[in-house]
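Written below as structure tokens is the structure these notes are about.
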Amino acid sequence: MRSAKQGHIFNICSVASKTPVKNAGSYSVTKAAMLSLNHVLRQELAPHNVKVTAFLPGSTKTSSWEGTSIPDEKFVQPEDIAETLFTILNLSKGVNVDEVLITPLDF
């Protein structure tokens, strides 16, 4: 990407990157580290026209929630994340979205 002078890196972090989750210490720590790496990459790659964006989703309806009795509409849907990513990819050349915090309305 640096040699091509273009590209976009999307890192899937989590709301746990900023607000630790009780009984999920390892998860919270690794997601915080991922967000920190995201910030470093954004600074290092900006001069090469490579964009870097962190996604910080809340509870998203993925296979990790299989078997839950929580209704699907309570979750962030994977399609919401995909559509947001697509929109960001189509923004003008000179703009970077640093972070996307996307959470369920009423979880």
Side-chain angles (χ1 to χ4, degrees):
M1 289 183 189
R2 286 193 309 194
S3 60
K5 292 284 191 188
Q6 66 175 3
H8 202 139
I9 297 169
F10 290 91
N11 290 306
I12 306 301
C13 299
S14 168
V15 295
S17 301
K18 292 188 172 189
T19 305
V21 178
K22 185 178 178 182
N23 298 319
S26 296
Y27 180 80
S28 298
V29 167
T30 57
K31 291 301 185 175
M34 187 72 211
L35 182 59
S36 183
L37 176 61
N38 187 85
H39 295 320
V40 170
L41 287 174
R42 186 172 46 256
Q43 291 175 355
E44 291 179 355
L45 296 175
H48 303 282
N49 296 316
V50 177
K51 300 176 181 186
V52 181
T53 300
F55 268 79
L56 288 78
S59 299
T60 304
K61 187 61 179 182
T62 62
S63 60
S64 64
W65 288 94
E66 222 169 81
T68 186
S69 61
I70 301 170
D72 285 356
E73 61 271 6
K74 290 283 195 174
F75 291 90
V76 172
Q77 299 302 309
E79 297 81 7
D80 297 324
I81 294 171
E83 287 177 24
T84 304
L85 188 147
F86 183 76
T87 298
I88 292 169
L89 278 174
N90 287 292
L91 295 175
S92 63
K93 183 179 177 181
V95 68
N96 185 74
V97 176
D98 295 350
E99 294 180 9
V100 175
L101 178 64
I102 186 167
T103 60
L105 179 63
D106 182 29
F107 194 76

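Sequential numbering from 1 along the given sequence is applied to the chain's residues. Every heavy atom of this structure was used, including side-chain atoms; hydrogens, water molecules and symmetry mates were not. Everything numeric in this text was worked out from a predicted model, so none of it was measured.
For the atom pair NE2 (H48) and CD (Q6), the distance works out to 14.0 Å, reported to the nearest 0.5 Å. One finds the CZ atom of R42 at 3.5 Å from the CG atom of D98 (value rounded to the nearest 0.5 Å). Atom OG in S17 sits 8.0 Å away from atom CD in E99 (nearest 0.5 Å). Of the inter-residue distances, the one linking L41 atom CG with I9 atom CD1 reads 5.5 Å to the nearest 0.5 angstrom. Between M34 atom CE and T30 atom OG1 the span is 10.0 Å, to the nearest 0.5 Å. Atom CG of residue N38 and atom OG1 of residue T53 lie 7.0 Å apart, to the nearest 0.5 angstrom.
Inter-residue side-chain proximity for P104 and V76 is flagged as met; some heavy-atom pair is nearer than 4.5 Å. Residues T68 and K61 have side chains in contact (heavy-atom distance under 4.5 Å, counting atoms from C-beta outward). By the 4.5 Å heavy-atom criterion applied to side chains, F75 and S59 are counted as neighbours.
Nearest heavy atom pair, residue W65 against residue T60, reads CD1-O, 3.1 Å. Closest heavy-atom contact between C13 and P57: O-CD, 3.9 Å.
For the side chain to side chain contact (heavy atoms under 4.5 Å, CB included) test with H8, the passing option among N96, L45, L91 is N96; the others fail.
A continuous path of Ile, Leu, Val, Met, Phe, Trp and Tyr side chains, each step under 4.5 Å between heavy atoms, connects I88 with I102, placing both in one hydrophobic cluster. Residues M1 and L37 share a hydrophobic cluster, clusters being chains of Ile/Leu/Val/Met/Phe/Trp/Tyr side chains in contact below 4.5 Å. I81 and V15 fall into different hydrophobic clusters, where Ile, Leu, Val, Met, Phe, Trp and Tyr residues are linked whenever their side-chain heavy atoms come under 4.5 Å apart, directly or through other members. A single hydrophobic cluster is seen to contain both L89 and V97, as judged by linkage of ILVMFWY side chains at heavy-atom distances under 4.5 Å, directly or through other members. V52 and V95 end up in different hydrophobic clusters when Ile, Leu, Val, Met, Phe, Trp and Tyr side chains are linked at under 4.5 Å.
Side-chain contact of S64 with T62: a donor-acceptor pair under 3.5 Å is present, judged by distance alone.
More than 12 heavy atoms of other residues, nucleotides or ligands lie within 6.0 Å of CZ in F107, so this atom counts as buried by the packing criterion. By the 6.0 Å contact criterion, NZ on K5 is enclosed, its count of non-hydrogen atoms from other residues, nucleotides or ligands being greater than 12.
A donor-acceptor pair under 3.5 Å links the side-chain atoms of T84 to the main chain of D80, judged by distance alone.
The aromatic rings of F55 and F10 are tilted relative to each other, their planes meeting at an angle between 30° and 60°.
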